[in-house]
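Just below is one structure, and these are the notes that go with it.
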Amino acid sequence: MRRTYLGEFEELVLLMIAILDGNAYGVTVSQEIEQQTGRLVTFGAVHNTLIRLEEKGFVTSELGGATTERGGRRKRLFKVTTLGKSAMEDIQQLRNKLWKLMPDDTLKLSGL
């Protein structure tokens with residue numbers, strides 16, 4: 001397995017882009033993270049992470065159509081690339097492998 005270096009928040013944003021399946025832009029990603037995790041995030045943090053993920057090649061973006069609700073401005077829509085999908089699979093495999101290594105009594109002590 002090749003190493004994929006993603007921070008926890010980058011991973012969360014990447015997952016949300018995949019979940020939103022073509023409807024991912026800064027605001028929807030922020031809203032979904034808050035709704036699904038209960039975690040408050042700033043638009044700036046999401047925006048910076050989207051840029052970083054694009055620079056790493058994990059997502060691509062394109063401008064959508066202009067809308068009146070945005071004052072005629074266009075949304076930048078994000079999609080996960082093949083490299084991004086591969087990174088998500090690598091991370092999931094690693095996490096699953098590590099969870100399987102956890103002694104059973106460790107989970108009982110922590111209440112998980």
Side-chain angles (χ1 to χ4, degrees):
M1 180 184 336
R2 93 179 146 344
R3 296 198 184 262
T4 305
Y5 296 102
L6 282 176
E8 184 264 340
F9 192 67
E10 288 177 320
E11 180 183 348
L12 189 58
V13 170
L14 188 60
L15 284 166
M16 282 302 154
I17 294 167
I19 290 166
L20 289 166
D21 192 30
N23 294 311
Y25 62 100
V27 172
T28 57
V29 172
S30 298
Q31 290 171 341
E32 279 299 309
I33 289 173
E34 289 182 11
Q35 183 177 3
Q36 298 300 326
T37 68
R39 178 177 175 174
L40 296 177
V41 296
T42 64
F43 176 75
V46 171
H47 178 74
N48 289 338
T49 302
L50 290 169
I51 292 169
R52 205 166 41 250
L53 289 171
E54 192 165 27
E55 288 172 351
K56 290 181 176 185
F58 295 133
V59 299
T60 59
S61 69
E62 61 183 37
L63 290 175
T67 61
T68 54
E69 68 193 32
R70 293 177 44 85
R73 293 189 340 259
R74 298 167 69 183
K75 297 175 185 174
R76 179 161 296 280
L77 299 169
F78 291 84
K79 290 172 68 172
V80 178
T81 63
T82 302
L83 181 62
K85 289 175 186 175
S86 178
M88 289 191 310
E89 289 171 0
D90 290 349
I91 291 166
Q92 184 181 31
Q93 288 175 3
L94 177 61
R95 288 185 188 276
N96 289 342
K97 177 183 169 185
L98 293 174
W99 274 101
K100 288 177 183 175
L101 294 174
M102 182 97 58
D104 289 337
D105 59 342
T106 302
L107 295 177
K108 290 175 188 169
L109 292 175
S110 68
L112 295 177

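Both backbone and side-chain heavy atoms feed into the values below; hydrogens, waters and symmetry mates do not.
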Apply side-chain contact (heavy atoms from CB on, under 4.5 Å) to L77 and list each qualifying residue two or more places apart in sequence or on a separate chain. Y25, K75
Donor-acceptor contact present, side-chain S86 to main-chain T82, <3.5 Å: no
List the atom of V59, the atom of T81, and the distance in Å for their closest heavy-atom pair. C-CG2, 3.6 Å
For atom CD of Q36, is the number of surrounding heavy atoms from other residues, nucleotides or ligands below 6.0 Å larger than 12? yes
If hydrophobic clusters are built from ILVMFWY residues whose side chains come within less than 4.5 Å, do V13 and L83 share one? yes
Suppose the criterion is salt bridge (charged side-chain N to carboxylate O under 4.0 Å, His left out): which pairs have a residue in residues 32-42, not counting sequence neighbours? E8-R39
Quick one, L98 and L101 - any side-chain contact, counting heavy atoms below 4.5 Å? yes
In chain order, what residues pass the ring pair (Phe, Tyr, Trp, His ring centres under 6.0 Å) check against F43, with sequence neighbours excluded? H47
Enumerate the salt bridge (charged side-chain N to carboxylate O under 4.0 Å, His left out) contacts for residues 11-26, please, sequence neighbours excluded, ordered by first and then second residue. E11-R95
Side-chain heavy-atom pair F58, L6 within 4.5 angstrom cut-off: yes
Are F78 and I51 connected in the hydrophobic side-chain network, where two residues link if heavy atoms are under 4.5 Å apart? no
Can you give me the closest heavy-atom contact between M88 and A18, atom names plus distance? CE-CB, 3.8 Å
Any side-chain heavy-atom pair from I33 and F9 closer than 4.5 angstrom? yes
Specify the closest pair of heavy atoms between S61 and R76, including all atoms of both residues, with the distance to one decimal. OG-NH1, 2.9 Å
Let me confirm one number: the OG1-CG distance from T28 to L20, rounded to the nearest 0.5 Å. 5.0 Å
Minimal non-hydrogen separation, V46 against S30, with atom names: CG2-OG, 3.3 Å
By the salt bridge (charged side-chain N to carboxylate O under 4.0 Å, His left out) test, which pairs, at least two apart or in different chains, include something from residues 44-66? E10-R52, E10-K56
Does the side chain of I17 come within less than 4.5 Å of L50's, by heavy atoms? yes
